[in-house]
Peer 1: 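Quick one: this structure, given as structure tokens, is what I'll be asking you about.
Quick caveat, the model's predicted, so the values are computed rather than measured. Chain naming here is simple, since letters A, B, ... match the order of the sequence lines and numbering starts at 1 in each.
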There are 2 protein chains.
Amino acid sequence: MAHKNIPDIVIGRLPIYLRSLQRMAQEGRQVTSSQELGERLGISAAQIRKDLSQFGEFGKQGTGYNIEFLSNKIRDILNVNRNWDVAIIGAGDIGGALARYNGFNQRGFTIKMIFDNNPSKIGMKIDNFTVLDIANLKEEIAGAGVQVAMMAVPAAYAQDVADRLVAAGIKAILNYAPVNLNVPAGVRVQHIDPAVHLQRMTYYLD
Amino acid sequence: MAHKNIPDIVIGRLPIYLRSLQRMAQEGRQVTSSQELGERLGISAAQIRKDLSQFGEFGKQGTGYNIEFLSNKIRDILNVNRNWDVAIIGAGDIGGALARYNGFNQRGFTIKMIFDNNPSKIGMKIDNFTVLDIANLKEEIAGAGVQVAMMAVPAAYAQDVADRLVAAGIKAILNYAPVNLNVPAGVRVQHIDPAVHLQRMTYYLD
DNA sequence: TAGATTGTTAATCGATTAACAATC
DNA sequence: TAGATTGTTAATCGATTAACAATC
């Protein structure tokens, strides 16, 4: 797709806006404003308007934004007005929690498969999924055309698994292992590491 | 502690540097350079040097940085040369996974207690911990002087639990619920929401 | 010494904010 | 209409990078 040159930091805020809008919709709200949204999120109203203006004109002067309409526009932008198939690698505590979590579907993602290398886990049921042998990772993922993966494997295996995911055609990896991954251009990686987040906060404590 | 005015974005990179340094140490390495570290992390060498220079002079011209020395300096800066007691709220899949995860100790955190409101979980054992009644949250946390919490409760309860954590003296909250939290100044919040991270990546897919 | 790499400065680049005309 | 809020511009603010003297 031909993107104008939108800063990644703007893209990073859109899912936050979307999440907040969806919550407002659940509360039965119809309309909001950049000011209200900004107050909820701790972001300036000007920044929200600026961010959205990169993609079009979604509001009405005097009244603000229709929540349902704006949500749909943001979903379009983020490519989550469709559902993406997702593979989970690692059927431990975290992989299992991800497999059982039922919040992904309404946000653009459908868990399709979960892998492990531990013979005592392979074949086991987690939620509706039978744990697959990681030896078959490439065939299963490439065969199903899955492009998005969540990795929750021990740190020591993470880079190796990432390489195999890339070889299988995965284009986006959410990595729960506490290591940096090196992937080729064209593959996106995001990291979730609770200790990193905690350390970001302890700086300010005493 | 009296902080010079260090940008939060710099603080946010320090845990990443630290994690990478610790990995190098495990690999038996003694010395590194801003260039090597930058290549591993996808960050420019200049930026790493600039970030570190905010806090002191930790390297040697010509040779680079002693890994053990620099790690210790960063731990000092981030306040994780001590261990912080941590409370987990929510004994579901995620709370349980956090309680069982054994990587926190070596990174500055010691899980001390886990709470739930479900009578069938209260009193249950998770790892070494007995699940405590969330009704006693304030006494337990304030009594133990815990300042750091990880919240893995349903979205609908998240703000309420956060308010109670603040009242109990918690100063840093790592929030796994997919909602924005409003907390008073002086309390830090970080969010972990896998769907947000995935949506940040799907923008670039097609 | 020669080579390498730091710490730092100045220049560049990019992101945020303030302000307001347009307009619902 | 009067009031409110957008989209956008220009100004400000902050972060990143390039470059290099200092020096190990």
Peer 1: Evaluate Thr110(B) against Asp85(B) for side chain to side chain donor-acceptor pair (under 3.5 Å), listing each step before the verdict.
Peer 2: CA-CA 5 Å; Thr110(B) 303; Asp85(B) 291 342; 4.8 Å; no

Peer 1: Between dT17(D), dT17(C), dA15(C), which nucleotide has the shortest distance from any of its atoms to the side chain of Ala46(A)?
Peer 2: dT17(C)

Peer 1: Taking only the side-chain heavy atoms of Lys50(B) (C-beta and beyond), determine which of dT8(C), dT16(C), dT5(C) contains the nearest atom.
Peer 2: dT8(C)

Peer 1: Can you see if the side chain of Arg13(B) gets near the phosphate of dT16(D) - specifically, an N or O under 4.0 Å from OP1 or OP2?
Peer 2: yes

Peer 1: Write down the distance between CZ (Phe58(B)) and P (dT6(C)), rounded to a whole number of angstrom.
Peer 2: 14 Å

Peer 1: Checking the side chain of Gln190(A) only, and the main-chain atoms of Asn175(A) only, is there a donor and an acceptor separated by less than 3.5 Å?
Peer 2: no

Peer 1: Choosing from dG7(D), dA15(D), dT17(D), which nucleotide comes nearest the side chain of Pro7(B)?
Peer 2: dA15(D)

Peer 1: For Leu52(B) and dT5(C), give me the distance from atom CG to atom P, rounded to whole Å.
Peer 2: 16 Å

Peer 1: Ignoring the backbone of Tyr65(B), work out which of dG7(C), dG7(D), dC24(C) is nearest its side chain.
Peer 2: dG7(C)

Peer 1: Taking the side chain of Gln47(A) as its heavy atoms from C-beta onward, which of dG7(D), dT16(D), dT16(C) lies nearest to it?
Peer 2: dT16(C)

Peer 1: Can you tell whether the side chains of Arg100(A) and Asp127(A) come within less than 4.0 Å, N to carboxylate O?
Peer 2: no

Peer 1: Gln61(B) side chain: which of dT6(D), dT6(C), dT16(D) is closest?
Peer 2: dT6(C)

Peer 1: Please determine whether a side-chain nitrogen of the Lys or Arg among Asp133(A) and Lys121(A) lies less than 4.0 Å from a carboxylate oxygen of the Asp or Glu.
Peer 2: no

Peer 1: Hunt down the Watson-Crick or G-U wobble partner of dT17(D), both distances under 3.5 Å, from any strand shown, or write none.
Peer 2: dA10(C)

Peer 1: Expressed as a whole number of angstroms, how long is the span from Gln35(A):CD to dA18(C):C1'?
Peer 2: 14 Å

Peer 1: Closer than 4.0 angstrom, basic N to acidic O: yes or no for Arg29(A) and Glu36(A)?
Peer 2: yes

Peer 1: Taking atom C1' of dT8(C) as reference, at what distance in whole Å does atom CG of Asp51(B) sit?
Peer 2: 14 Å

Peer 1: Quick one: which of dT5(D), dA15(C), dT8(D) gets closest to the side chain of Ser53(A)?
Peer 2: dT8(D)

Peer 1: Starting from P on dG14(D), measure out to CD1 on Ile11(B) and report it in whole angstrom.
Peer 2: 16 Å

Peer 1: Roughly, in whole Å, what's the span from CZ in Phe55(A) to C1' in dG7(D)?
Peer 2: 15 Å

Peer 1: Find which nucleotide of DNA chain C each of Thr63(A) and Ser44(A) is nearest to by heavy atoms, and output the residue with the more 5' nucleotide.
Peer 2: Ser44(A)

Peer 1: Consider the side chain of Arg49(A), meaning its heavy atoms from C-beta on, and name the nucleotide among dT6(C), dC24(D), dG7(D) that approaches it most closely.
Peer 2: dG7(D)

Peer 1: If dT5(C) has a Watson-Crick or G-U wobble mate with both distances under 3.5 Å, name it; if not, just say none.
Peer 2: dA22(D)

Peer 1: Round to a whole Å and report the spacing from CD1 of Ile67(A) to P of dT5(D).
Peer 2: 13 Å

Peer 1: Quick one: Asp8(A) CG to dA15(D) P, roughly how many Å, whole number?
Peer 2: 17 Å

